[in-house]
Trainee: 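Handing you a structure now.
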Amino acid sequence: MRQAGAKAKSSTPSPESKNSAVIESPSRADAKRRVFGTGGIFEKNGSRFLYISYRDRNGKLRQESTKSESLMVAERFLRDRLGKVEQGLPVAEMKKLKYEDIRKTLIMDYRARGVKMLEEDKGGNPYVWGFEHLDPFFKNRLVRTITTDLLYQFVEKRQKEGAKNATINRNLSLLRRMMNLARREGKSVQFPYFPMLKENNVRKGFLTPAQFTKLRDAMPEHLRPLMTFLYFTGCRIGAALAITWSQIELENGRFQLRIEGNQTKNEEPLLLPLPLELNEVLEKMPHEGRLFDARNLRKSFQAACVKVGLGVKTGPEDWQYKGLLIHDFRRSGVRNLIRSGVPRRIAMKISGHLTESTFERYNIVDSTDLHEAMAKVEKRFGEIDGKLMAVDGKQTRTDQ
């Protein structure tokens with residue numbers, strides 16, 4: 001195969017080229033030709049670097065610079081490209097693959113599998129939590145340039161913004177998922193080491209009954225039923241927002257909720273009596289569509305938390321906030337169930353937890369629990385000690 005515009009190289013091969021393909025040269029009639037389909041190595045006018053040529057999986061001729069003058073390097077580079085073509089990997093497409101491309105693949109995957117993390121932003125566009133941090137940093141970047149060093153730079157940036165290790169890890173995990181999907185679909189073979197940070201998995205945010213009442217009263221009236229439901233049941237916010245009036249039944253003057261299997265994390269349906277506090281509110285609501293109104297939930301929740309001293313705003317954006325989270329209602333609900341004496345098996349059904357280990361992460365023990373526990377020990381010890389003292393005194397008197 002003869003390359004157009006190729007410049008002849010010296011007919012005396014260098015020592016390093018002994019086991020390499022002979023560079024194609026129009027000036028050498030006796031030059032050994034490569035077998036068709038195994039590509040070629042050639043020089044290009046105006047460049048000191050060697051080039052390779054090969055045909056991609058669609059049969060289209062591709063030419064690339066090896067960025068090297070070495071025949072050994074060029075041969076290795078060509079073998080790599082031919083290997084990828086043989087595996088069906090789109091070599092040229094891999095070079096052009098950008099962050100936006102793998103982001104789109106993630107969205108399609110989540111949509112096809114019905115992943116609840118896929119939501120919509122204010123403009124109605126597909127959105128996954130974490131995009132707001134990944135997008136500004138990786139925008140327009142080629143996937144092949146996303147290296148471990150670049151990931152360390154992202155980690156450093158997020159740390160300067162005050163993000164906790166657990167939050168940074170969730171961001172990295174989302175990006176890793178994108179790159180895994182691209183590799184699975186043959187769009188990329190690039191996969192750097194992800195520097196995951198050490199984190200404390202047990203979150204400690206929860207609300208006491210007094211704090212809950214104060215916070216609920218500070219929120220818009222249309223959000224109070226949802227907050228009450230979350231606090232009493234420990235239900236996931238996504239599952240709560242999916243509940244419709246068609247799932248509500250009235251029995252003996254009390255509303256009951258029929259939660260379908262596909263609405264719970266453990267995929268088990270259940271019939272749950274709703275808190276009595278909700279009865280009067282639900283009776284006044286239109287009995288159609290979604291059960292709970294979640295308009296402006298995040299913004300209203302953060303504003304109420306700031307108002308009652310359970311959070312602070314660190315900037316104008318929604319994510320620029322520190323303090324109580326909506327997810328803390330799930331932890332609070334689990335704690336309420338356990339402290340009220342609800343058996344663990346039943347509590348797990350109500351909250352929708354699948355495993356004991358995950359449930360335990362939500363079964364928070366605070367200082368009040370510890371004080372109460374210690375008071376019980378002291379009381380018990382006092383009772384035993386009193387009996388021992390009485391017995392000891394009696395024995396002493398008998399001895400005398």
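The first residue in the sequence is number 1, and the count goes up from there.
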Trainee: Okay, side chain of Arg216, backbone of Thr228: is any donor-acceptor separation there less than 3.5 Å?
Mentor: no

Trainee: Looking only at heavy atoms, which two atoms of Ile102 and Ala182 are closest? And how far apart?
Mentor: CG2-CB, 3.6 Å

Trainee: Could you state the interatomic distance from OG (Ser70) to CD (Glu75), rounded to the nearest 0.5 Å?
Mentor: 10.5 Å

Trainee: Do the side chain of Glu161 and the main chain of Gln159 share a donor and acceptor less than 3.5 angstrom apart?
Mentor: no

Trainee: As a quick check of understanding, evaluate side-chain contact (heavy atoms from CB on, under 4.5 Å) for Leu297 and Leu223, giving each step before the final call.
Mentor: CA-CA 7 Å; Leu297 174 59; Leu223 291 172; 3.9 Å; yes

Trainee: Would you mind checking if Asp109 and Arg113 are paired as a salt bridge, meaning a charged N to carboxylate O distance below 4.0 Å?
Mentor: yes

Trainee: Checking Thr148 side chain against Tyr193 main chain: does a donor-acceptor pair fall under 3.5 Å?
Mentor: yes

Trainee: When you measure from the side chain of Ser332 to the backbone of Leu207, do you find a donor-acceptor pair of N or O atoms at a distance under 3.5 Å?
Mentor: yes

Trainee: Can you classify the ring geometry of Phe154 versus Phe137 as parallel (below 30°), tilted (30 to 60°) or perpendicular (above 60°)?
Mentor: perpendicular

Trainee: Indicate whether any N or O donor in one side chain lies under 3.5 Å from an N or O acceptor in the other, for Gln63 and Tyr54.
Mentor: no

Trainee: Decide yes or no on side-chain contact (heavy atoms from CB on, under 4.5 Å) for Phe77 and Ile41, but give the supporting numbers first.
Mentor: CA-CA 10 Å; Phe77 192 70; Ile41 302 172; over 6 Å; no

Trainee: Once you round to the nearest 0.5 Å, how far does OG1 of Thr105 lie from CZ of Arg177?
Mentor: 11.0 Å

Trainee: Would you call the rings of His287 and Trp245 parallel, tilted or perpendicular, where under 30° means parallel and over 60° means perpendicular?
Mentor: parallel

Trainee: Atom CD in Glu249, atom CZ in Phe255: separation rounded to 0.5 Å?
Mentor: 11.5 Å

Trainee: Do Ser246 and Thr244 have side-chain atoms, one donor and one acceptor, less than 3.5 Å apart?
Mentor: yes

Trainee: Is there a donor-acceptor pair under 3.5 Å between the side chain of Thr213 and the backbone N or O of Pro209?
Mentor: yes

Trainee: Can you name the closest pair of heavy atoms from Phe194 and Leu172 and give their distance?
Mentor: CE2-O, 3.6 Å

Trainee: Cation over ring, Lys44 on Tyr51, under 6.0 Å and within 45°?
Mentor: yes

Trainee: Taking all non-hydrogen atoms of both residues, which atom of Leu181 and which atom of Leu106 are closest, and how far apart?
Mentor: CD1-CA, 3.7 Å

Trainee: Should Met179 and Met117 be regarded as members of a common hydrophobic cluster, given that ILVMFWY residues are connected when their side-chain heavy atoms come within less than 4.5 Å of each other, either directly or indirectly?
Mentor: yes

Trainee: With a cut-off of 6.0 Å (strictly less than), are more than 12 heavy atoms of other residues, nucleotides or ligands near CD of Glu280?
Mentor: no

Trainee: So which heavy atom on Val308 is nearest to which on Ala218, and how close?
Mentor: CG1-CB, 3.8 Å

Trainee: Do you know the tightest heavy-atom contact between Ser173 and Met196?
Mentor: OG-CE, 3.4 Å

Trainee: Any heavy-atom pair between the side chains of Leu278 and Phe232 that's under 4.5 Å?
Mentor: no

Trainee: With side chains defined as the heavy atoms from C-beta onward, is the minimum distance between Leu291 and Phe229 less than 4.5 Å?
Mentor: no

Trainee: Where is the tightest heavy-atom contact between Leu241 and Ala294, given as atom of each residue plus distance?
Mentor: CD2-CB, 3.5 Å

Trainee: By side-chain hydrogen bond (donor to acceptor under 3.5 Å, both in side chains), which residues pair with Arg224, not counting sequence neighbours?
Mentor: none

Trainee: Where the side chain of Ser300 meets the backbone of Asn296, is there a donor-acceptor pair that is under 3.5 Å apart?
Mentor: yes

Trainee: In this structure, are over 12 heavy atoms from other groups packed under 6.0 Å from Lys157 atom NZ?
Mentor: yes

Trainee: Kindly indicate whether the side chain of Leu324, heavy atoms from C-beta on, has any atom under 4.5 Å from the side chain of Leu215.
Mentor: yes

Trainee: Judged by atom type as modelled, is there a donor-acceptor pair below 3.5 Å linking the side chain of Arg170 to the main-chain atoms of Ala166?
Mentor: yes

Trainee: Does the side chain of Glu251 pick up a donor-acceptor pair with the side chain of Gln256 at under 3.5 Å?
Mentor: yes

Trainee: Can you tell me how far apart CZ (Arg298) and CD1 (Ile237) are? Round to the nearest 0.5 Å.
Mentor: 10.5 Å

Trainee: Is there a side-chain contact between Leu274 and Leu282 in this structure, where contact means two heavy atoms from C-beta onward sitting under 4.5 Å apart?
Mentor: yes

Trainee: Would the distance check show the side chain of Asp101 and the main-chain N or O of Lys98 forming a donor-acceptor pair, the cut-off being under 3.5 Å?
Mentor: yes

Trainee: Does Thr66 use its side chain to pair, donor to acceptor, with the backbone of Leu50 at less than 3.5 Å?
Mentor: yes

Trainee: If you measure from the Lys or Arg side-chain nitrogens to the Asp or Glu carboxylate oxygens, is any gap between Glu100 and Lys139 under 4.0 Å?
Mentor: no

Trainee: Rounded to the nearest 0.5 Å, what separates atom CG in Asn125 from atom CD in Glu120?
Mentor: 8.0 Å

Trainee: Are Leu310 and Val312 linked, directly or through other ILVMFWY residues, by side chains that come within less than 4.5 angstrom of each other?
Mentor: no

Trainee: Quick one: are Trp129 and Leu174 in side-chain contact, heavy atoms under 4.5 Å?
Mentor: no

Trainee: State whether the side chain of Asn165 and the backbone N or O of Leu197 hold a donor-acceptor pair below 3.5 Å, judged by distance alone.
Mentor: no

Trainee: Is it the case that over 12 heavy atoms from other parts of the model lie below 6.0 angstrom from the NZ atom of Lys214?
Mentor: no

Trainee: With hydrophobic residues grouped by side-chain heavy-atom distances under 4.5 Å, do Met178 and Met108 end up in a single group?
Mentor: no

Trainee: Any side-chain donor-acceptor pair under 3.5 Å between Asn171 and Arg158?
Mentor: yes

Trainee: Please tell me if the side chains of Leu151 and Phe138 come closer than 4.5 Å, counting only heavy atoms from C-beta onward.
Mentor: yes

Trainee: Run the side-chain contact (heavy atoms from CB on, under 4.5 Å) check on Tyr99 and Leu142 step by step: do they pass?
Mentor: CA-CA 6 Å; Tyr99 164 77; Leu142 294 171; over 6 Å; no

Trainee: Enter the distance from Lys67:NZ to Phe49:CZ here, rounded to the nearest 0.5 Å.
Mentor: 6.5 Å

Trainee: Kindly indicate, with the supporting measurements, whether the criterion side-chain contact (heavy atoms from CB on, under 4.5 Å) is fulfilled by Phe329 and Cys235.
Mentor: CA-CA 8 Å; Phe329 275 64; Cys235 183; over 6 Å; no

